[in-house]
Amino acid sequence: MIKPDGVQRGLVSEIIGRFERRGYRLVAMKLVQPSKQLAEQHYDDLRERSFFPVLTDFLSSSPVVAMVWSGEDIVVQGRAMIGATNPLKSAPGTIRGDLAIVTGKNIIHGSDSVESAEKEIALWFNDDELCTYEKCTETWIYE
């Protein structure tokens, strides 16, 4: 998901382009203005943390771009492309390492496991919003 700061800063195409150039397939995408309740559901695993109210206020402050990507090892590789939660600890070349400075405005969210991804996809998308297709370029990406 591209968070409110990424949308407001006009980084949507930059971020999508990085995943596309890597060879991953976009399966679903939508611009959403999250409610406070949806933000709280999304970050439910952080509910007991002191920063939870600030985090959920931020996520519901502006539209986000919710996305589902598909491809080999997408969760692990996607997280590597995104970079560390703290952008100052993110390597150059990662999304956060190149485009963010502080943890509270770190531009993008990526699921940390397949199980989290499945839960988050179900939260943001209905089954009929997920596209199944093959990209013609996949024969040039995969063996």
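All residue numbers in this chain count up from 1 along the given sequence.
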Would [X] end up clustered with [Y] when hydrophobic side chains under 4.5 Å apart are linked, directly or stepwise?
X	Y	answer
Leu11	Met67	yes
Phe52	Val64	yes
Leu26	Met1	no
Val65	Phe125	no
Met81	Ile74	yes

Charged N-O contact under 4.0 Å between [X] and [Y]:
X	Y	value
Arg25	Glu20	no
Lys36	Asp57	yes
Glu115	Lys119	no
Asp73	Arg79	no

Check: [Y] main-chain N/O paired with [X] side-chain donor or acceptor under 3.5 Å:
X	Y	result
Tyr43	Pro53	no
Lys30	Trp124	yes
Arg21	Ile16	no
Ser35	Leu38	yes
Asp98	Pro92	no
Arg96	Ser90	no

Least distance between heavy atoms, [X] atom then [Y] atom:
X	Y	value
Val27	Ser70	CG2-CB, 3.4 Å
Asp45	His42	OD1-O, 4.2 Å
Leu59	Pro34	O-CG, 3.4 Å
Thr94	Ala80	CG2-O, 3.4 Å
Glu120	Ser111	OE1-OG, 2.5 Å
Ile95	Ile107	CG2-CG2, 4.5 Å

Approximate separation, where rounding is to 0.5 Å, of [X] [atom1] and [Y] [atom2]:
X	Y	atom1	atom2	answer
Glu138	Glu72	CD	CD	11.0 Å
Cys131	Glu129	SG	CD	9.5 Å
Glu14	Ile2	CD	CD1	10.0 Å

Legend entry - Note, Ile141 side chain near Tyr24 side chain (heavy atom, < 4.5 Å): no
Inset, instruction - Could you walk me through whether Arg22 and Gln77 pass side chain to side chain contact (heavy atoms under 4.5 Å, CB included), step by step? - result: CA-CA 10 Å; Arg22 180 76 188 263; Gln77 297 307 313; 3.2 Å; yes
Inset, instruction - In sequence, state the C-alpha distance, the side-chain angles, and the governing distance for Glu40 and Thr56, and then conclude on side chain to side chain contact (heavy atoms under 4.5 Å, CB included). - result: CA-CA 6 Å; Glu40 289 174 347; Thr56 55; 3.9 Å; yes
Inset, instruction - Could you list the residues that satisfy ring pair (Phe, Tyr, Trp, His ring centres under 6.0 Å) with Phe19, not counting sequence neighbours? - result: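 Partners of Phe19 by the ring pair (Phe, Tyr, Trp, His ring centres under 6.0 Å) criterion, ordered by chain and then number, come out as Trp69.
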Inset, instruction - Report, as yes or no, whether the 6.0 Å neighbourhood of atom CZ on Arg47 holds more than 12 heavy atoms from other residues, nucleotides or ligands. - result: yes
Inset, instruction - Step through the shown structure and confirm whether more than 12 heavy atoms of other residues, nucleotides or ligands are within 6.0 Å of CG on Leu123. - result: yes
Legend entry - Donor + acceptor pair across side chains of Ser62, Gln8 (<3.5 Å):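 Checked: Ser62/Gln8 side chains pair up, N/O donor to acceptor below 3.5 Å.
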Inset, instruction - Under the side chain to side chain contact (heavy atoms under 4.5 Å, CB included) rule, what do Ile101 and Leu88 come out as? Steps first, then yes or no, please. - result: CA-CA 6 Å; Ile101 296 173; Leu88 296 178; 4.2 Å; yes
Inset, instruction - Could you check Ile82, Val7, Ile108 and say which one makes a side chain to side chain contact (heavy atoms under 4.5 Å, CB included) with Ile15? - result: Ile108
Inset, instruction - Show your reasoning for whether side chain to side chain contact (heavy atoms under 4.5 Å, CB included) applies to Val75 and Asp112. - result: CA-CA 7 Å; Val75 172; Asp112 61 2; 6.0 Å; no
